[in-house]
Participant: 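Dropping a structure here in structure tokens format, bear with me for questions.
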Amino acid sequence: MPELPEVETMRRDLDKEVVGRRVKSVEATGLRTIRRHKTKKNFTSKLEGRKITGVERKGKYLLLKLDDGNLLVVHLGMSGQLLRAKSAKEPTLKHTHVVLNFTQGGQLRYVDPRTFGELFVTQPDELAHEVPELAHLGFDPLEDVMSWTKFGDMLHEKKTKLKPLLMDQRFLAGIGNIYADEILFAAGLRYDRDSNSLTAQEIRRLYRAMVETLQDAIKHRGSSLADEQYRDIFGEVGDFQSQHKVYDREGEPCRRCRSPIARVKTGGRSSFLCEQCQV
DNA sequence: CGATCTACCTGATGGC
DNA sequence: TGCCATCAGGTAGATC
């Protein structure tokens, strides 16, 4: 579910809402969400008594810094939500797997119906060998400065289709199925273009489309689709879906040329595009 | 190496 | 009303 804009929206709100708070106690229901820890106690004991000192994001991962130097790593998978509760009395949603109780009152809850997401506590210097998928993340399109010419060199080094490359977290960190389609439309490029076939102008357009689309989506607090499964930490839906040019718009007129948006299946997932505007 | 499939899960939706 | 198939913002691992 959540891609870079949704995770960044949550990061900014968490920075205001939970940084400076101390964890009094932790409730973990079941082991699946905290599967990197062998026991519940092994997870909860690393959080209890700790103060949260900062919140960072790497790609789609949230990293909550603790005052003992450790990190609480959160990956939301397809259906994970972090929700700020002002008190324990607020009704608990089904599929609530982890609850952090703060000393000053209030909670942070992790809810995840499909349980693809996970939480774990680790030491920063052990990230590299304990969490290879995080250590091997590609560059973050908003955090890491890169010239479009360097970006072009990286595209030319790969011999793969454009969309899978944009979504490859080891190449670029944070882009998923929605934003890959939106970025490709904004750049006027098809999902199945060979990454080493782009002209200098197309590379520049793609780089610009990537940065602008992601920034725009953050301004709109991310995308919530029909099921409204993406919610921010206050339980509110995002607004960027109203700005989508192609994603989930099969058969609707292209906002640029009026021809119907097409939907194709590739690699088991849907891609949306305008056959006229994307070449 | 790249492309494609499978598995991990629950829940919503649509056809019959 | 129910039953079944299909689909969903992610990722890793197997296979060809």
Side-chain angles (χ1 to χ4, degrees), chain A residues 1-11 29-36 57-62 73-82 93-97 110-120 130-138 154-184 191-197 213-214 217-218 220-232 236-244 246-251 263-272:
Chain A
M1 168 228 315
E3 305 181 31
L4 188 152
E6 291 77 30
V7 179
E8 178 62 19
T9 299
M10 297 172 75
R11 189 198 68 75
T29 313
L31 277 172
R32 182 162 162 77
T33 295
I34 53 169
R35 51 191 171 271
R36 298 203 193 211
R57 178 187 60 75
K58 284 193 183 299
K60 300 172 192 172
Y61 290 83
L62 281 169
V73 181
V74 181
H75 192 285
L76 301 161
M78 287 282 265
S79 57
Q81 296 179 5
L82 277 177
L93 289 175
K94 202 176 170 185
H95 305 296
T96 299
H97 305 304
Y110 181 72
V111 181
D112 188 0
R114 294 178 73 182
T115 68
F116 292 171
E118 61 171 329
L119 275 63
F120 59 90
E130 282 193 1
V131 197
E133 65 272 35
L134 191 44
H136 297 157
L137 278 184
M154 291 170 63
L155 287 173
H156 282 166
E157 281 167 18
K158 299 280 182 179
K159 294 189 186 79
T160 176
K161 303 295 182 191
L162 207 43
K163 179 171 175 182
L165 186 57
L166 293 180
M167 292 174 65
D168 180 349
Q169 302 301 299
R170 287 165 303 181
F171 181 75
L172 260 175
I175 296 172
N177 207 33
I178 292 179
Y179 294 102
D181 280 0
E182 292 299 318
I183 289 165
L184 287 167
Y191 64 97
D192 55 357
R193 277 289 293 277
D194 286 319
S195 61
N196 59 1
S197 75
T213 300
L214 295 172
I218 293 169
H220 285 86
R221 301 186 61 78
S223 301
S224 298
L225 300 186
D227 60 10
E228 301 192 340
Q229 197 153 135
Y230 165 68
R231 301 280 182 144
D232 65 23
E236 301 293 327
V237 297
D239 184 40
F240 192 66
Q241 61 282 1
S242 66
Q243 309 295 313
H244 288 181
V246 287
Y247 192 86
D248 212 15
R249 295 195 66 238
E250 183 186 12
R263 173 190 189 136
V264 295
K265 279 270 183 188
T266 46
R269 16 198 17 165
S270 293
S271 291
F272 299 87

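Just so we're on the same page: letters track the sequence lines, and every chain starts at 1. Keep in mind that this is a model prediction, so the values were computed, not measured.
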Participant: Using OP1 and OP2 only, check whether a side-chain N or O of A/H75 sits under 4.0 Å from C/dT11.
Facilitator: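 For C/dT11, OP1/OP2 do have a side-chain N/O of A/H75 under 4.0 Å.
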
Participant: Parallel, tilted or perpendicular: which describes the rings of A/H95 and A/H97, with under 30° parallel and over 60° perpendicular?
Facilitator: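 A/H95 and A/H97: tilted rings.
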
Participant: A/K265 NZ to B/dC5 P: how many Å, rounded?
Facilitator: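 The answer, rounded to whole Å, is 11 Å.
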
Participant: Between A/P113 and A/A226, which has a closest nucleotide on DNA chain B that is more 5'?
Facilitator: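 Between the two, 5'-proximity favours A/P113.
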
Participant: When you match A/R114 and A/E133 each to their closest nucleotide on DNA chain C, which lands nearer the 5' end?
Facilitator: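 In this pair, the answer is A/R114.
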
Participant: Drop me the distance from A/L134's CG to A/K58's NZ, to the nearest 0.5 angstrom.
Facilitator: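 Atom-to-atom, A/L134:CG and A/K58:NZ are 7.5 Å apart.
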
Participant: Atom CE of A/M167 and atom C1' of C/dA12: how far apart are they, to the nearest Å?
Facilitator: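 Checked: the CE to C1' distance equals 14 Å.
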
Participant: Between C/dA12 atom P and A/M78 atom CE, what is the distance in whole Å?
Facilitator: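 Distance check: A/M78 CE to C/dA12 P gives 14 Å.
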
Participant: Report yes if at least one side-chain N or O of A/K163 is closer than 4.0 Å to OP1 or OP2 of B/dA3; otherwise report no.
Facilitator: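 So the side chain of A/K163 is outside the cut-off, no N or O lying under 4.0 Å from OP1 or OP2 of B/dA3.
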
Participant: Could you tell me which non-hydrogen atom of A/D112 sits nearest to which non-hydrogen atom of A/G80, and how far apart they are?
Facilitator: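 That closest heavy-atom pairing would be OD1-N, 3.5 Å.
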
Participant: With a 4.0 Å cutoff (strictly under), does any side-chain N or O of A/Q169 reach OP1 or OP2 of C/dT11?
Facilitator: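 Checking A/Q169 against C/dT11: at least one side-chain N or O falls below 4.0 Å of OP1 or OP2.
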
Participant: Which distance, rounded to the nearest 0.5 Å, do you find between the CD of A/E6 and the CZ of A/F240?
Facilitator: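 Atom-to-atom, A/E6:CD and A/F240:CZ are 9.5 Å apart.
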
Participant: Give the rounded distance in Å between these two atoms: CG of A/L134 and C1' of C/dA12.
Facilitator: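 About 15 Å, once rounded to whole Å.
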
Participant: OP1, OP2 of B/dC9 versus side-chain N and O of A/H95: anything below 4.0 Å?
Facilitator: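 The answer is no; no side-chain N or O of A/H95 sits under 4.0 Å from OP1 or OP2.
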
Participant: Would you indicate, yes or no, if C/dT11 has its OP1 or OP2 atom less than 4.0 angstrom from a side-chain nitrogen or oxygen of A/R170?
Facilitator: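 Looking at the OP1 and OP2 atoms of C/dT11, neither is under 4.0 Å from any side-chain N or O of A/R170.
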
Participant: If I take atom CD in residue A/E118 and atom C1' in nucleotide C/dT11, what distance separates them, rounded to the nearest angstrom?
Facilitator: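 Atom-to-atom, A/E118 to C/dT11, this comes out as 10 Å.
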
Participant: Using a 4.0 Å heavy-atom cut-off, does A/D227 contact any base of the nucleic acid, only the sugar-phosphate backbone, or nothing at all?
Facilitator: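 Base contact.
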
Participant: Sticking with atom P, work out how far C/dA5 lies from B/dT6, rounded to a whole angstrom.
Facilitator: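 That atom pair is separated by 16 Å.
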
Participant: May A/F116 be described as stacking on the base of B/dC8, applying a 5.5 Å centroid limit and a 30° limit on plane angle?
Facilitator: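 Yes, aromatic ring over the base.
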
Participant: For A/L76, answer base if it contacts any base atom (sugar-phosphate contacts may also be present), sugar-phosphate if it contacts only those atoms, and nothing otherwise; contact means non-hydrogen atoms under 4.0 Å.
Facilitator: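 Nothing, no heavy atom under 4.0 Å.
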
Participant: Both A/G268 and A/K159 contact DNA chain B. Taking the nearest nucleotide for each, which residue is further toward the 5' end?
Facilitator: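 The residue whose closest nucleotide sits nearer the 5' end is A/K159.
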
Participant: Would you indicate which nucleotide in B/dG2, C/dA8, C/dG10 comes nearest to any side-chain atom of A/R263?
Facilitator: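 Minimum distance to the A/R263 side chain belongs to C/dA8.
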
Participant: Looking for any heavy atom pair under 4.0 Å, which part of the strands does A/R32 touch: base, sugar-phosphate only, or nothing?
Facilitator: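 Sugar-phosphate: the residue A/R32, judged by heavy atoms under 4.0 Å, touches backbone atoms but no base.
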
Participant: Separation of A/R269 atom CZ from C/dT11 atom C1', in whole Å?
Facilitator: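 Distance, rounded to whole Å: 9 Å.
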
Participant: Between B/dA3 and A/K161, is there an OP1 or OP2 to side-chain N/O distance shorter than 4.0 Å?
Facilitator: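 Checking B/dA3 against A/K161, no side-chain N or O comes under 4.0 Å of OP1 or OP2.
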
Participant: Look at A/S270 and C/dA8 and indicate whether a side-chain polar atom (N or O) is within less than 4.0 Å of OP1 or OP2.
Facilitator: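 A/S270 to C/dA8 OP1/OP2: side-chain N or O found under 4.0 Å.
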
Participant: Give the dot-bracket line for DNA chain C from 5' end to 3' end: parentheses for intra-strand Watson-Crick or G-U pairs under 3.5 Å, square brackets for crossings, | for inter-strand pairing, dots for unpaired.
Facilitator: .|||||||.|||||||

Participant: C/dG10, B/dA3, C/dC7: which one has an atom nearest the side-chain heavy atoms of A/T160?
Facilitator: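 Closest nucleotide among those given: B/dA3.
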
Participant: Is A/K159 salt-bridged to A/D194, cutoff N-O under 4.0 Å?
Facilitator: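 Answer for the salt bridge query: no.
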
Participant: Any carboxylate oxygen within less than 4.0 angstrom of a Lys/Arg side-chain nitrogen, looking at A/D181 and A/K163?
Facilitator: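 The answer is yes: the pair qualifies as a salt bridge.
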
Participant: Supply the atom-to-atom distance A/S270 OG to A/R263 CZ, rounded to the nearest 0.5 angstrom.
Facilitator: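 Output value for this atom pair is 3.5 Å.
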
Participant: Between C/dG10, B/dC9, C/dC7, which one does the side chain of A/T115 approach most closely?
Facilitator: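 The listed nucleotide nearest to A/T115's side chain is B/dC9.
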
Participant: Answer with base, sugar-phosphate or nothing: what part of the nucleic acid does A/G267 contact at a heavy-atom distance below 4.0 Å?
Facilitator: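 Result for A/G267 = nothing.
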
Participant: Is there a side-chain contact between A/K94 and the phosphate of B/dT10, meaning an N or O under 4.0 Å from OP1 or OP2?
Facilitator: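 For A/K94, the contact criterion (side-chain N or O under 4.0 Å from OP1 or OP2 of B/dT10) is not met.
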
Participant: Within less than 4.0 Å of OP1 or OP2 of C/dA8, is there a side-chain N or O belonging to A/S79?
Facilitator: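 Looking at the OP1 and OP2 atoms of C/dA8, neither is under 4.0 Å from any side-chain N or O of A/S79.
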
Participant: Can you tell me the distance, in whole Å, between the CG atom of A/L93 and the C1' atom of B/dG11?
Facilitator: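 From A/L93 CG to B/dG11 C1': 14 Å.
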
Participant: Taking atom P in both B/dC5 and C/dT6, what distance in whole Å separates the two?
Facilitator: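 Looking at atom P only, B/dC5 and C/dT6 are 15 Å apart.
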
Participant: Rounded to whole angstrom units, what separation is found between the CG atom of A/L137 and the C1' atom of C/dA12?
Facilitator: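 Roughly 14 Å, once rounded to whole Å.
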
Participant: On the six-membered ring of A/F120, is A/R36 placed so that its NZ or CZ lies under 6.0 angstrom from the centre and within 45° of the ring axis?
Facilitator: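 Output yes; distance and angle both within limits.
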
Participant: Quick one, A/Y230 and A/T9 - any side-chain contact, counting heavy atoms below 4.5 Å?
Facilitator: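 A/Y230 vs A/T9: side chains touch.
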
